[in-house]
Amino acid sequence: MVAALHGYGLIHEGWQALADVEENGIHIDLDYVETTILKLDNRINTMRSRLDNTKFVKKWRGVYGHKFKWDSDEQLGDMLYNEMGLEPIKYTNDGGHTPSVDHETLELLSPKLPLLKGFLKMRKMSKCKDTYLAGILRETVDEYLHPFFNLHTVATFRSSSSKPNFQNMPIRDKMQGELIRRAFIPRPGRMLMEVDYSGIEVCIAACYHKDPNMIAYIKDPTKDMHRDMAAQCYKLPTEEVTSDIRYCGKNCFVFPQFYGDWFKSCAGALWASVDTRELVCTDGTKVRDHLGSHTINLDTLKKFEDHIEMVEDDFWNNRFAVYGQWKEDHYDEYLRRGYVDIKTGFRCGGIMQRNDVSNYPVQGAAFHCLLWSLIQVNKELKAAGLSTLIVGQIHDSIVLDVVPEELEQVLAIVRRVMCVEIRKAWPWIIVPLDVDVEITDIDASWFEKKKMGRAA
DNA sequence: TGTTCATGG
DNA sequence: TATCCATGAACA
C-alpha cells in the first residue's frame, strides 16, 4: 500500500507535505510573547544599570566613549585581554589572531572577574528576546506562526527552517526553553505531541557500514554504547556510570568520534567535563578523585590523552572495526569516482572533505526517514478524515496538534508508519527503528510536554 | 559583506 | 589529518 519513493519523488512529495505543514501553522500565545518581551527588556536594562556601577564597565566606557556598545565582542575582548591583561584561553577561527570571548571562555575567566557571569546571563536573555521572541512576533499572523520548511538549501539533502527557524528553539537550557516554548500552544482544546526517532543517525550509519557490534548495540536493549564508552574513557566499571557520566561519554567522545574528531580534542573535553559537571560515580566517589587514584597513568592531562588515544584506537580497530574499515573504503571510493551516493536516491559530488564523505550520506538518509514518515502520516491523517494536524518538523521529529479524541488513532498511525511501513518501503534499513513520544496536557504549552509511556 | 556568537539536530 | 549540518542577530 505504501509506494517506495526515490530521489526526486521524495523531494516532490516532501515539498507538498511540508507546504501543508506551513499552511497549518502553529498556535502562538501572543499576549505571552508581548509581555515576555517587555519583561526581558526590563531585566536587561536593570542588569545594565547594575553593571554600569562596576569599575570594569566604567573603564570600558572611558576607553570607548560614545562608541561603547554592550554587544561588541571586539570591545569586550580588548578590555579583557589588553586593558585588564587577562591571559587568553582560546582563539577565534581566524588563525589565532583574536582571543575568544565566547561562553566557555567567559565562564573560565569568571573566577577572576565575577561580573562576567552577569554578561553571560545578559547574553542569554538578549538571545531569547532578539532572536526568538522578536522573530515569533514578527512572523505571527492572526495568532498563528507559519515557519518555512525548506528542502533545497542543505548540502546533505536535509531540510532547513526559516522565518523563523523552528528547528533551533531553545531546550537544552531549561530557563531559555521555558521562556520560548511557553509561547507555543495547541489549538484550543487540543494537545501538542512530538514524535522523534531515537538514535536515527546511529541506526542509519549502521545500514551503510553494517558493523556487527554496532548492530548488536542497536538491537539488544540491555546493551548501551554510550554507557560502555563513558566507562572506558573514565576507567570505571559500568555500574559506576551515572546518567551524567554517560552524557559526557556520548557528547565528548562517541559523537565527536563519529563525526571525525580525534583523541586530543576528545580528551580535553572529557577532562574538562569532570570539573565543570562535577562528575560523581554511583557510589559517591568523585570522578576527579577516581582519576587521581590512577596516578601512575592518569595524573596529568597528557597521560589522560595517551589513555584516550588507546580508547580511540580500540574503538575504531577493535570494537567497531567494520565501521572503521567502511570509512576508509568509502573515502577511497569517493576519490576514485568523485561522488558518493545516498541510499535514498541522491548524489553528493564536488570537492568534499574527508569527514563529509562519511557524514553526508548518513545525515541525509536519516532525515529522509523522517521526511518519508511525515509524507505518509500526513496522507493517512487526511485519508482517515482526522482533524489532527502536523505543525512542524525538526530533523528527526514530527510535531502534531492533536485532537484528544483522535489520540489513540493518531498514535497507531504514527507508530506503524515510522517503525513498520518504512522498513517495507526501504529494505536497506536493516535495523529496527524506534520512536519516543512526548505530549502536553490539553491547552498546555510546548514547554510542558512529558514523556508518554509505551502502553498509551 | 564577513566574522563571531548562540541556538538546535 | 584533526567535529557534521543549519539560521539569525549584532557588529565592524
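Letters go in sequence order (proteins before strands), and every chain restarts at 1. Since the structure is predicted, the reported quantities are computational estimates derived from the model, not experimental observations.
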If stacking means aromatic ring centre less than 5.5 angstrom from the base's six-membered ring centre, planes under 30°, is A/Y259 stacked on C/dC4?
yes
Does a donor on one side chain and an acceptor on the other come within less than 3.5 Å for A/S160 and A/Q167?
no
Those residues of residues 32-49 of chain A lying under 4.0 Å from DNA chain B by at least one heavy atom
none
Rounded to whole Å, CG of A/N359 lies from C1' of B/dG9 at a distance of 13 Å
From C/dC5, B/dC5, C/dT3, nucleotide with atom closest to A/T92 side chain
B/dC5
Per side-chain contact (heavy atoms from CB on, under 4.5 Å), A/L30 is matched among A/T140, A/T35, A/L145 by A/T140
Donor-acceptor pairs are to be reported for all side-chain atoms of residues 128-137 of chain A against protein atoms at under 3.5 Å, with residues two or more places apart or in another chain.
{"unit_1": "A/K129", "atom_1": "NZ", "unit_2": "A/D41", "atom_2": "OD1", "d": "3.4"}
{"unit_1": "A/Y132", "atom_1": "OH", "unit_2": "A/N168", "atom_2": "O", "d": "3.0"}

Candidate nucleotides B/dA6, B/dG8, B/dT4, ranked by approach to the side chain of A/H395 - the nearest
B/dG8
Distances for protein N or O near nucleotides 10-12 of chain C N or O, under 3.5 Å:
{"unit_1": "C/dA12", "atom_1": "OP1", "unit_2": "A/S72", "atom_2": "OG", "d": "2.7"}

Out of B/dT4, C/dG8, C/dC4, which has the shortest distance to the side chain of A/K127?
C/dG8
Checking side-chain polar atoms at under 3.5 Å, does A/E312 have a donor or acceptor matched by the opposite partner on A/Q257?
yes
Could you give the CZ-to-P distance, from A/F255 to B/dG8, as a whole number of Å?
16 Å
Among residues 135-172 of chain A, which residues get a heavy atom nearer than 4.0 Å to DNA chain B?
A/R158, A/Q167, A/N168, A/M169, A/P170, A/I171, A/R172
Is the ring centre of A/W326 less than 6.0 Å from the ring centre of A/H330?
yes
OP1 or OP2 of C/dA9 less than 4.0 angstrom from a side-chain nitrogen or oxygen of A/T131, does that happen here?
no
Any side-chain N or O of A/Y360 below 4.0 angstrom from OP1/OP2 of C/dC5?
yes
With A/K69 as the cation and A/Y64 as the aromatic partner, state whether NZ or CZ is under 6.0 Å from the six-membered ring centre and within 45° of the axis.
no
Is the A/Y197 to A/H395 ring centre distance short of 6.0 Å?
no
Any pair with a residue in residues 103-113 of chain A that passes side-chain hydrogen bond (donor to acceptor under 3.5 Å, both in side chains), sequence neighbours left out, goes on the list, sorted by first then second residue, please.
A/K90-A/E104, A/D102-A/T105, A/E107-A/K117
Hits for ring-ring contact (aromatic ring centres under 6.0 Å, His included) against A/W316, two or more places apart or cross-chain, chain-then-number order -> A/Y323
Any chance the rings of A/H209 and A/F320 have centres within less than 6.0 Å?
no
With sugar-phosphate meaning primed atoms plus P, OP1 and OP2, does A/V362 contact a base, only sugar-phosphate, or nothing at under 4.0 Å between heavy atoms?
nothing
Ring centres of A/F166 and A/W446 under 6.0 Å apart?
yes
Spacing between A/E107 atom CD and B/dA6 atom P, to the nearest angstrom:
11 Å
